[in-house]
Each structure stands twice: as C-alpha cells, then as structure tokens.
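Here is the structure we will look at, set down as structure tokens.
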Amino acid sequence: MLEGKIALVTGASRGIGKQIAITLAAKNAVVIVNYHGNKEKADDVVEEIKAAKGKAESYGCDVADDTAVKEMFQYIVKTYGTIDILVNNAGITCDGLMMKMTEKDFNTVIDTNLKGTFLCIKYASRFMLKQRRGSIINMSSIVGVTGNAGQMNYAASKAGIIGMTKSAAKELGSRGITVNAIAPGFIDTEMTEDLKEDLKEKMLQQIPLGRVGKTEDIASAVAFLASEEASYISGQVLGIDGGMGCY
Ligand code: NAP
C-alpha cells in the first residue's frame, strides 16, 4: 500500500498516465493528476478516483515549461507538505522519416519527453533530497532501446530518458531516492490507435505473448516500483512488452 504518499503523475488525463493515477490512488496515495490541454479529461480521472473513495486533484502544466514546472512542485509541497512519488509519464510523438523531419518536429518531442522529465526530476528532487526519500519512475519506451524508423526524435527522447534515469539514480541514491525507468512495448492507448492496421498486425506478430499491452500492465509495475518493497531497486530499466524486446 502507498498510504498517505503524495504522488504526481504527469500526463494523467488519459492512456497509461490515467491508469497509473487510478492504480496509485487505489493503493491509498494522494494523486495529483497532471494534464496539458485536456482539463476536462483530467477532471474526469479525478472524479473516477473520488468515486472509488480515493484522493486526487488535477493540475494543468506543460512539463516543458521550466517556470510552470517549478510552480507546480511549489504548489504541491505548499498544499501537501511533501512529494513522495514522481511518475514522469507525459509524452508525445511527431513521427516522420528523418529526411522530412523538421527542426520543430524534433524539438517539440525532445522538449516534452526529455526536457520535461529533466525539469520534473530537478524540481521534485529538491524536496525529496531534504526529506531523504522518494521514488521517481520515468516512462521510456522499447523504441528508446531498439530505435525505430520514422521515430528518430521520439527514440532519441526515450533513449535519453534511460541515460537520465541512470544518472539521477547515481546522483540521488545516497539520500534514499530511487529512480527507475519503464520501457513499454505496444500498449493500447490513443497514442497507438492511429497506427495503420497492417503495421499493428506486424507489431503483434513480434510479441511473444501474442497480445497488445494494457495500461494496467504498466500501472501495476509503477505501483510496485513506488512501493517500499522496491526500495532497493534503482537505476533499472524494466521492459514491459510481452517479450517483444528481450534485451
Ligand atoms: P497518450 O494517450 O497520448 O497520452 C499522453 C498524455 O501526455 C496525455 O495525458 C497528455 O495530456 C500528456 N501530455 C502531452 N504533452 C504534455 C505536456 N507538454 N505537459 C504535460 N502533459 C502532456 O499517451 P500514452 O500512450 O498513454 O503514453 C504515455 C507515456 O508512455 C508516454 O511517455 C509514451 O511515450 C509512453 N509509451 C507509450 C507506449 C504505447 O504503446 N502507448 C509505448 C511506449 C511508451 P493532455 O491530454 O492534457 O494533452
């Protein structure tokens, strides 16, 4: 259980982040449901958590905006006195073959996925260092390990998150803070629903367990990594991909 722990989940208005927020709240954490554009959906997540007798509130913030991220953590600590669990889940894609990828396509993805993760770790760890505890879980991707044609920006951001995770684990470990990454494979969310059917079928054939992942598959691992039972696990990358990566 995560009784009374204060958890921030970025990008929790839908998809994987939504399920992580619901799962952490079900384990009695107080959850801040971060969103960027979708306040209504984030508020729906909060309502769903409250209907199940959990505690949550929504907070809008672009994770790529330094000032806004700083203010978000100041708000959390002012309101709840602490931050115990940070899940850096917010992420976007802007796919295209390298020769056609614009500088803007590249920068937008790096800014949200990689810089956003850096900013949240930086501001959360200020408080976690003082209290000498904390769990940070970063959402990488199988693509950050294997690469993928048409996703040079996204793959670079997700590979960067792995380096960032290992570096942060080394910087923060002496104060009892764990930092780990999860590398999901093909998970059924809005991010993947637009993929062409033939591509989906091809990916499915590469998954030894023979099914697409569910958001619950990721959320249960996040809850474990945030728990006391995982307090000696740090600097790791956990592939959750039905055996697709096998790295
Ligand atoms: P999704 O359904 O597209 O949801 C993305 C979430 O990120 C939304 O809640 C969105 O908020 C939020 N977000 C986007 N830009 C943001 C910003 N600048 N600041 C704050 N929040 C922002 O994605 P998903 O499939 O659940 O993926 C979640 C994470 O898992 C991502 O990091 C993704 O790269 C990673 N992942 C997914 C898969 C997969 O197969 N789905 C595989 C590997 C890794 P708004 O709705 O409010 O804009």
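Counting starts at 1 for both ligands and their atoms, in listed order. Atom set for the values below is all heavy atoms of this structure, side chains included, hydrogens, waters and symmetry mates excluded.
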Only heavy atoms of Ala12, strictly under 4.0 Å: list the atoms of ligand 1 that pass.
9 (O)
Before you tell me yes or no, could you show the steps for Tyr75 and Tyr59 under ring-ring contact (aromatic ring centres under 6.0 Å, His included), namely the whole-Å CA-CA distance, both residues' side-chain angles and the distance that decides it to 0.1 Å?
CA-CA 10 Å; Tyr75 169 79; Tyr59 189 102; 5.2 Å; yes
Filter on salt bridge (charged side-chain N to carboxylate O under 4.0 Å, His left out), then keep only pairs touching residues 202-217, sequence neighbours left out; what's left?
Arg211-Asp217
Element-labelled atoms of ligand 1 that are located less than 4.0 Å from some non-hydrogen atom of Tyr35:
47 (O)
Have a look at Arg14, Met72, His36 and point out the one with the heavy atom closest to atom 17 (C) of ligand 1.
His36
Counting from 1 in the order shown, the ligand 1 atoms closer than 4.0 Å to a non-hydrogen atom of Cys61 are 19 (N), 20 (C)
Contact atoms of ligand 1, heavy-atom distance to Gly15 under 4.0 Å:
2 (O), 26 (O)
So, 4.0 Å and heavy atoms of Lys18: is ligand 1 close enough to count as a contact?
no
So, 4.0 Å and heavy atoms of Ser140: is ligand 1 close enough to count as a contact?
yes
Could you tell me if Asn138 and Thr117 have a donor-acceptor pair between their side chains, going purely by distance under 3.5 Å?
no
Check contact between Thr10 and ligand 1, using heavy atoms of the residue and a distance below 4.0 angstrom.
no
Show which atoms of ligand 1 fall inside a sub-4.0 Å distance from at least one heavy-atom site of Thr192.
39 (C), 40 (O), 41 (N)
Regarding atom 28 (C) of ligand 1: of the candidates Ile92, Asn89, Asn88, Leu195, which has the closest heavy atom?
Asn89
So which atom in Thr108 and which in Lys104 form the shortest heavy-atom distance, rounded to 0.1 Å?
OG1-O, 2.6 Å
Keeping to residues at least two apart or across chains, list the ring pair (Phe, Tyr, Trp, His ring centres under 6.0 Å) pairs with something in residues 1-32.
none
Could you tell me the separation between the CG atom of Asp111 and the CG atom of Asp62, rounded to the nearest 0.5 Å?
8.5 Å
Closest to atom 37 (C) of ligand 1 (heavy atoms only, candidates Ile16, Val33, Ile187) is Ile16
